[in-house]
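To start, the structure itself, in structure tokens.
By convention in this document, chain letters (A, B, ...) are assigned in the order of the sequence lines, proteins followed by strands, and residues within each chain are numbered from 1. For clarity, every value in this text was computed on a predicted model and none was experimentally measured.
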Protein chains: 2
Amino acid sequence: MGLRDRKKQQTRSALTDAALRLADERGLDHVTVEEISAAADVSPRTFFNYFATKDDAILGDPVITAETVCERLLAVPREVPIIDAVLGVFTPAIEQIQADRELWLLRMRVIKNNPALLPILFARGAADEQLFVAAVAARGGLSAEDTFPQLAAVVTGAAFRVAMMRWSAAGPDHRLADFVCEAFGLLAAGLAHPVPTHQEVV
Amino acid sequence: MGLRDRKKQQTRSALTDAALRLADERGLDHVTVEEISAAADVSPRTFFNYFATKDDAILGDPVITAETVCERLLAVPREVPIIDAVLGVFTPAIEQIQADRELWLLRMRVIKNNPALLPILFARGAADEQLFVAAVAARGGLSAEDTFPQLAAVVTGAAFRVAMMRWSAAGPDHRLADFVCEAFGLLAAGLAHPVPTHQEVV
DNA sequence: ATAAAAGTTTGCAGTGCCTGCAAGTTTGGC
DNA sequence: GCCAAACTTGCAGGCACTGCAAACTTTTAT
């Protein structure tokens with residue numbers, strides 16, 4: 001990678017870093033693009049060369065592209081239940097997030113304090129979601145217009161989001177993977193009422 | 001209701017109607033608040049006395065308040081599985097939407113064409129979502145910090161959203177209730193792979 | 001009926017996000 | 001070193017949205 005691209009990468013993360021730090025300190029609404037740009041030593045106009053919106057700077061680059069998700073999902077044999085398949089597909093991303101723990105905890109804190117950001121946490125756009133739906137459909141030999149793939153895609157996404165929130169709220173010794181497994185497990189159980197201690201399922 | 005409130009109601013729906021119509025014609029991005037206000041015969045400043053954001057005018061009033069949801073949910077006996085409980089709680093809202101079919105189909109078309117609106121379709125705000133989580137928790141004798149209520153609330157919301165999308169995409173003879181039931185049924189089945197015709201579950 | 005009170009609409013001025021355009025400046029290949 | 005491509009920047013401008021204070025309208029009390 002040449003000097004050029006290295007510099008771009010630097011500017012990019014300088015911008016997210018500044019955005020995250022400032023938003024964490026004062027709340028996203030009390031930080032202007034002008035301030036973020038100043039903190040990253042670029043002009044406000046340049047900010048928008050890197051990110052389409054102020055929010056995007058907070059969210060940074062996606063950990064995993066929709067294309068990768070689709071590709072991997074299609075590689076999972078059809079016998080594997082969709083929940084396990086999705087879990088497998090996301091595992092590398094989960095580990096990636098776990099590795100960048102500090103960054104992500106900060107990011108999640110900012111998201112939690114600025115709920116406007118929340119929807120974008122998973123399924124960053126309708127386009128990505130549609131790709132995901134299509135992949136689930138293809139893997140199951142179904143149409144993207146069928147209920148199952150649409151539901152599976154959206155619901156696993158929602159479950160993942162819940163896992164992220166819980167992980168970020170938990171203590172430092174927890175692994176994101178555990179939260180995701182727990183959530184997906186409950187999903188696979190059909191959201192059956194969890195058994196309080198010493199109680200049998202009816 | 002006095003003249004005053006009647007007029008307010010009139011203005012309010014004139015604004016949503018104008019917003020929906022114009023957004024449907026040209027796309028939300030190509031409609032300004034000024035235009036919506038002009039179509040509804042009020043000043044742009046007045047628009048913002050009625051709706052906090054342009055999006056809100058599209059979305060109109062919530063069909064069911066978070067408070068009602070919580071109230072009803074707490075009334076459902078604990079033995080009823082959460083999915084059935086939620087289904088029961090939403091039924092009146094579902095019928096309400098079905099009754100205002102024309103309005104909602106238009107609204108859904110606008111939402112589909114302007115995916116930025118999509119997240120707000122269910123769980124209009126983080127606050128509402130939290131109330132919902134709390135209600136699910138209370139009904140199940142769990143804490144709002146537990147995984148189960150958080151997951152159940154978010155996931156059923158997502159499923160409802162999918163049902164709405166499917167209903168709006170389907171022909172005129174379909175009932176929203178059927179789509180919701182189908183989605184909730186798949187959820188209850190743990191997102192098991194649906195059986196294609198003439199095939200046995202492994 | 002009339003005047004005061006309470007609630008609504010409106011214009012105005014201002015902030016901040018975001019965009020297109022037309023320079024300037026930096027970088028990589030020759 | 002020199003050219004072309006890529007990147008940065010300033011400027012002008014559109015639009016969402018807000019607070020404030022001045023009309024205006026409905027309601028209430030007399």
Scan side-chain atoms only and decide if [X] and [Y] contain a donor-acceptor pair under the 3.5 Å cut-off.
| X | Y | answer |
| --- | --- | --- |
| T65(B) | T68(B) | yes |
| T147(A) | R166(B) | yes |
| Q96(A) | D100(A) | yes |
| S43(B) | T46(B) | yes |

Item to complete: Output the distance between atom CD1 (I36(B)) and atom CG (D17(B)), rounded to the nearest 0.5 Å.
Response: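 It comes to 11.5 Å.
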
Worksheet entry | Atom pair CG/OG1 of D41(A) and T11(A) - distance to nearest 0.5 Å |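 Here the rounded value is 9.5 Å.
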
Worksheet entry | Proximity to DNA chain D (any heavy atom under 4.0 Å), residues of residues 37-51 of chain B only |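 Contacting residues: R45(B), F48(B).
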
When you compare the side chain of [Y] with that of [X], does any pair of heavy atoms fall below 4.5 Å?
| X | Y | answer |
| --- | --- | --- |
| K112(A) | S168(A) | yes |
| M164(A) | F179(A) | no |
| F148(A) | L186(B) | yes |
| W167(A) | Q98(A) | yes |

What is the separation between atom [atom1] on [X] and atom [atom2] on [N], rounded to the nearest whole Å?
| X | N | atom1 | atom2 | value |
| --- | --- | --- | --- | --- |
| K54(B) | dG14(D) | NZ | P | 16 Å |
| I36(B) | dC15(D) | CD1 | C1' | 12 Å |
| L15(A) | dC7(D) | CG | P | 15 Å |
| E34(B) | dG14(D) | CD | P | 11 Å |
| H30(A) | dT15(C) | NE2 | P | 15 Å |

Fill in: Axial bend angle, the helix from dA1(C)-dT30(D) to dC30(C)-dG1(D): five-pair end segments, nearest 10°
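The angle, to the nearest 10 degrees, is 20°.
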
Discussion item. Distance to the ring centre below 6.0 angstrom and angle to the axis at most 45 degrees; does that hold for R107(A) and W104(A)?
Written reply: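 Yes, a cation-pi geometry.
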
Worksheet entry | DNA chain C-proximal residues of residues 4-11 of chain B, any heavy atom under 4.0 Å |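 Residues of residues 4-11 of chain B that come under 4.0 Å of DNA chain C are, in numerical order, R4(B), K8(B).
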
